[in-house]
Amino acid sequence: MIPEKPLYEGKAKSVYLSENPDELIVVFRNDMTAFNGVKHDQFTDKGILNATASEFFMKMLEAEGIPTHYIRMAAPDTMIVRRLDMIPLEVIVRNIAAGSMTKKYPVAEGTVLERPVVSIDYKDDERGDPMINDDLIEVLHILPADELKQVKEMALKVNTVLSRFFDECGIRLVDFKLEFGKAAGKIYLGDEISMDSMRLWDKQTGESFDKDVYRFDKGDVITAYRNVLRRILPDGGKKD
Ligand code: ATP
Ligand code: TYD
């Protein structure tokens with residue numbers, strides 16, 4: 001049973017306490033936001049589509065030896081996860097230049113990077129999630145250097161697994177954001193891996209299948225999200 005009051009209500013998910021103190025209940029809502037909440041809408045089925053994608057990728061990554069917070073699904077939009085002390089970092093991996101990278105640096109959108117790049121933002125909405133570096137992360141005691149190294153290695157391994165998989169599905173994994181947390185001294189991949197947190201381009205046409213469809217009014221975002229599930233799930237996403 002889901003308690004009445006969430007422990008935490010984020011922009012797209014609500015997090016509830018569970019009867020088991022080591023677990024949390026995460027409900028993927030139909031809210032969609034962009035530009036730090038300035039743009040906000042609701043779309044039927046969006047929560048289920050992202051929860052389904054997240055379940056699929058968390059299971060895939062576990063099978064590849066990456067510890068994740070995923071425990072089980074309680075409903076199509078509700079995931080039971082291991083309760084983590086979240087590390088307040090947004091760990092972004094980029095394979096192709098897009099989004100903020102092309103605004104901040106002299107590189108054209110679509111440029112294939114020489115190698116995958118990890119960039120890290122400090123997760124703090126009030127400060128506009130500023131980019132941070134290894135020295136600051138250590139000196140501000142956000143994470144010790146050895147654990148940061150581990151986080152980056154995990155992020156790059158996630159990239160290897162996901163890039164290969166998407167390529168086989170005819171999709172280019174442009175970039176994505178991960179969040180990590182700790183439980184009993186061990187680092188786990190937390191939060192979500194969904195169409196909200198990745199940039200995905202069709203290999204043939206370059207069409208976006210991700211939140212950019214919503215950010216930049218490129219078409220029907222739910223159709224785009226369904227297209228991803230159709231390509232990645234063995235049953236073509238029929239349960240939606
Ligand atoms: P953003 O959209 O920038 O990620 P948000 O806080 O609004 O920020 P939501 O996804 O709506 O994001 O909220 C989910 C919250 O739950 C996030 O703060 C995330 O860090 C946290 N969270 C995710 N997984 C876990 C976990 N396993 N244990 C504890 N907290 C978690
Ligand atoms: P980025 O290009 O830095 O930001 P924006 O999407 O605002 O231009 O985003 C890189 C990738 O990380 C992209 O796939 C979206 C994802 N991301 C999130 O999911 N949440 C975030 O808060 C940020 C900054 C990025």
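Counting starts at 1 for both ligands and their atoms, in listed order.
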Visitor: List every atom of ligand 1 that sits less than 4.0 Å from any heavy atom of A12, numbering the atoms from 1 in the order shown and giving each element.
Guide: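 Checking each atom against A12, I get 11 (O).
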Visitor: Are E179 and I87 close enough, and set up right, to give a side-chain contact (heavy atoms from CB on, under 4.5 Å), and what steps lead you there?
Guide: CA-CA 7 Å; E179 290 182 31; I87 300 164; over 6 Å; no
Visitor: Evaluate the criterion salt bridge (charged side-chain N to carboxylate O under 4.0 Å, His left out) for residue pair K218 and E207; output intermediate values, then yes/no.
Guide: CA-CA 9 Å; K218 291 185 187 187; E207 186 187 347; over 6 Å; no
Visitor: Tell me the protein heavy atom at minimum distance from atom 2 (O) of ligand 2, and give that distance in Å.
Guide: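 Closest protein heavy atom to atom 2 (O) of ligand 2: S100 N, 2.9 Å.
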Visitor: Provide the number and element of each atom of ligand 1 under 4.0 Å from a heavy atom of R82.
Guide: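 Every atom of ligand 1 under 4.0 Å from some heavy atom of R82: 26 (C), 27 (N), 28 (N).
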Visitor: Considering only non-hydrogen protein atoms, determine which one is nearest to atom 9 (O) of ligand 2 and report residue, atom name and distance to 0.1 Å.
Guide: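 Atom 9 (O) of ligand 2 sits closest to the protein heavy atom R199 NH1, 3.7 Å.
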Visitor: Looking at side-chain heavy atoms only, is the closest gap between R83 and P21 below 4.5 Å?
Guide: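 Not in contact.
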Visitor: Identify, by atom number and element, the atoms of ligand 2 in contact range of D121, meaning under 4.0 Å from any of its heavy atoms.
Guide: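 Near D121, meaning under 4.0 Å from one of its heavy atoms, ligand 2 has 24 (C).
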Visitor: Which one holds for V26 and ligand 1: side chain close, backbone close, both close, or neither close, with close meaning a heavy atom under 4.0 Å?
Guide: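 Answer for V26: neither.
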Visitor: Is there a side-chain contact between V213 and M195, using heavy atoms and a 4.5 Å cut-off?
Guide: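 Of all side-chain heavy-atom pairs linking M195 with V213, none is under 4.5 Å.
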Visitor: Are V81 and V151 in one and the same hydrophobic cluster, where Ile, Leu, Val, Met, Phe, Trp and Tyr link if side-chain heavy atoms are under 4.5 Å apart?
Guide: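 Yes, V81 and V151 fall within the same hydrophobic cluster.
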Visitor: With a 4.5 Å heavy-atom cut-off, do L49 and I222 have their side chains touching?
Guide: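 Yes. Closest side-chain heavy atoms under 4.5 Å.
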Visitor: Can you pull out the closest protein heavy atom to atom 20 (O) of ligand 1? Residue, atom name and distance to 0.1 Å, please.
Guide: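 Of the protein heavy atoms, E179 OE1, 2.7 Å lies nearest.
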Visitor: In terms of atom number and element, which parts of ligand 1 are under 4.0 angstrom from non-hydrogen atoms of L24?
Guide: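 The atoms of ligand 1 under 4.0 Å from a heavy atom of L24 are 28 (N), 29 (C).
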Visitor: Side chain, backbone, both or neither: which part of Y8 comes within less than 4.0 Å of ligand 1 when only heavy atoms are counted?
Guide: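 For Y8, the contact with ligand 1 is made by the side chain alone.
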Visitor: In this structure, which one of K203, R172, R231 forms a salt bridge (Lys or Arg N to Asp or Glu O under 4.0 Å) with D167?
Guide: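 Going through the options one by one, the only one that passes is K203.
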Visitor: With a 4.5 Å heavy-atom cut-off, do T78 and V26 have their side chains touching?
Guide: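 Side chain of T78 against side chain of V26, heavy atoms only: no contact under 4.5 Å found.
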Visitor: Which bit of K211 is near ligand 2, meaning a heavy atom under 4.0 Å away: side chain, backbone, both or neither?
Guide: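 Looking at K211 and ligand 2, no heavy atom falls under 4.0 Å.
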Visitor: Please list the nearest protein heavy atom to atom 12 (O) of ligand 1 with its residue and the distance rounded to 0.1 Å.
Guide: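 Here the closest protein heavy atom is K11 N, 4.1 Å.
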Visitor: Should you measure from each heavy atom of V81, which atoms of ligand 1 turn up under 4.0 Å away?
Guide: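 Numbered from 1, ligand 1 contributes 27 (N).
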Visitor: Applying a heavy-atom cut-off of 4.0 Å, say which part of K177 lies close to ligand 1: side chain, backbone, both or neither.
Guide: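 Contact part for K177 vs ligand 1: side chain (C-beta onward).
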Visitor: Show which atoms of ligand 1 fall inside a sub-4.0 Å distance from at least one heavy-atom site of E90.
Guide: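 Near E90, meaning under 4.0 Å from one of its heavy atoms, ligand 1 has 3 (O).
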Visitor: Can you report which non-hydrogen protein atom sits closest to atom 10 (O) of ligand 1, along with the distance?
Guide: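 Going atom by atom, the protein heavy atom closest to atom 10 (O) of ligand 1 ends up being K13 NZ, 2.4 Å.
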Visitor: Keeping H69 on the side-chain end and D191 on the backbone end, is there a donor-acceptor pair under 3.5 Å?
Guide: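 Yes.
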Visitor: Report the part of I92 (side chain from C-beta onward, or backbone N, CA, C, O) that has a heavy atom under 4.0 Å from ligand 2; answer both or neither where that applies.
Guide: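 Only the side chain of I92 comes within reach of ligand 2.
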Visitor: For K177, which part has a heavy atom under 4.0 Å from ligand 2: side chain, backbone, both, or neither?
Guide: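 It is both backbone and side chain that touch ligand 2.
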Visitor: Give me the nearest non-hydrogen protein atom to atom 24 (N) of ligand 1 as residue plus atom name, then the distance to 0.1 Å.
Guide: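 Protein heavy atom at minimum distance: D191 N, 3.1 Å.
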Visitor: Can you tell me which portion of L84 lies within the under-4.0 Å heavy-atom range of ligand 1? Options are side chain, backbone, both, or neither.
Guide: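 Both parts.
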Visitor: Identify, for atom 8 (O) of ligand 1, the protein heavy atom at the shortest distance, and state residue, atom and that distance.
Guide: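 In this structure, atom 8 (O) of ligand 1 has K123 NZ, 2.9 Å as its nearest protein heavy atom.
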Visitor: With heavy-atom distances below 4.5 Å as the criterion, would you say the side chains of I96 and W201 are in contact?
Guide: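 When only atoms from C-beta onward are counted, W201 and I96 do touch, with a gap below 4.5 Å.
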Visitor: Is there a donor-acceptor contact under 3.5 Å from the side chain of T205 to the main chain of D202?
Guide: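 Not confirmed, T205 side chain does not pair with D202 backbone.
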Visitor: Short N/O distance, under 3.5 Å, between D129 and ligand 2?
Guide: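 No; every N/O pair is 3.5 Å or more apart.
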Visitor: Below a 4.0 angstrom heavy-atom separation, can you tell me which part of V15, side chain or backbone, both or neither, approaches ligand 1?
Guide: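 For V15, only side-chain atoms sit under 4.0 Å from ligand 1.
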Visitor: Quick test: of every protein heavy atom, which one is nearest to atom 14 (O) of ligand 2, and how far off is it to 0.1 Å?
Guide: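 Looking only at protein heavy atoms, the one closest to atom 14 (O) of ligand 2 is D175 OD1, 2.6 Å.
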Visitor: Between Y188 and Y70, is the ring-ring contact (aromatic ring centres under 6.0 Å, His included) condition met? List the steps.
Guide: CA-CA 9 Å; Y188 293 85; Y70 177 81; over 10 Å; no
Visitor: Could you walk me through whether R127 and D121 pass the salt bridge (charged side-chain N to carboxylate O under 4.0 Å, His left out) check?
Guide: CA-CA 11 Å; R127 292 184 167 81; D121 292 347; over 6 Å; no
Visitor: Can you confirm whether or not the ring centre of F57 sits under 6.0 Å from the ring centre of F166?
Guide: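 Yes; F166 has its ring centre under 6.0 Å from that of F57.
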Visitor: Record the part of D210 in heavy-atom contact with ligand 2 below 4.0 Å; permitted values are side chain, backbone, both and neither.
Guide: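 It is neither part, as no heavy atom is under 4.0 Å.
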Visitor: Quick one: which ligand 2 atoms are inside 4.0 Å of a heavy atom on M198?
Guide: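 The atoms of ligand 2 under 4.0 Å from a heavy atom of M198 are 14 (O).
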Visitor: Please report whether ligand 2 has a polar contact with K103, defined as an N or O pair separated by less than 3.5 Å (distance criterion only).
Guide: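 No, there is no polar N/O contact under 3.5 Å.
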Visitor: Kindly confirm or rule out an N or O of E90 lying under 3.5 angstrom from an N or O of ligand 2.
Guide: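 Yes, E90 has an N/O under 3.5 Å of an N/O on ligand 2.
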Visitor: Near D196, which atoms of ligand 2 are under 4.0 Å from a heavy atom of that residue?
Guide: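 It comes down to these atoms of ligand 2: 19 (O).
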Visitor: Would you mind checking which non-hydrogen protein atom is closest to atom 7 (O) of ligand 2, with the distance to 0.1 Å?
Guide: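 It is R215 NE, 4.5 Å.
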Visitor: Ring centres under 6.0 Å, that's the criterion: do Y225 and Y214 meet it?
Guide: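 When the ring centroids of Y225 and Y214 are compared, they turn out to be at least 6.0 Å apart.
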Visitor: What protein heavy atom lies closest to atom 25 (C) of ligand 1? Include the residue and the distance to one decimal.
Guide: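 Atom 25 (C) of ligand 1 sits closest to the protein heavy atom M86 SD, 3.5 Å.
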Visitor: Where does H69 meet ligand 1, judged by heavy-atom distances below 4.0 Å: at the side chain, the backbone, both, or neither?
Guide: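 The side chain, only.
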Visitor: Would a hydrophobic clustering, with Ile, Leu, Val, Met, Phe, Trp and Tyr connected at side-chain separations under 4.5 Å, put F56 with F176?
Guide: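 Linked, F56 and F176 end up in one cluster.
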Visitor: Are the side chain of N133 and the backbone of L136 linked by a donor-acceptor contact shorter than 3.5 Å?
Guide: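 Yes, the answer is positive, given that a donor and an acceptor are paired below the 3.5 Å cut-off.
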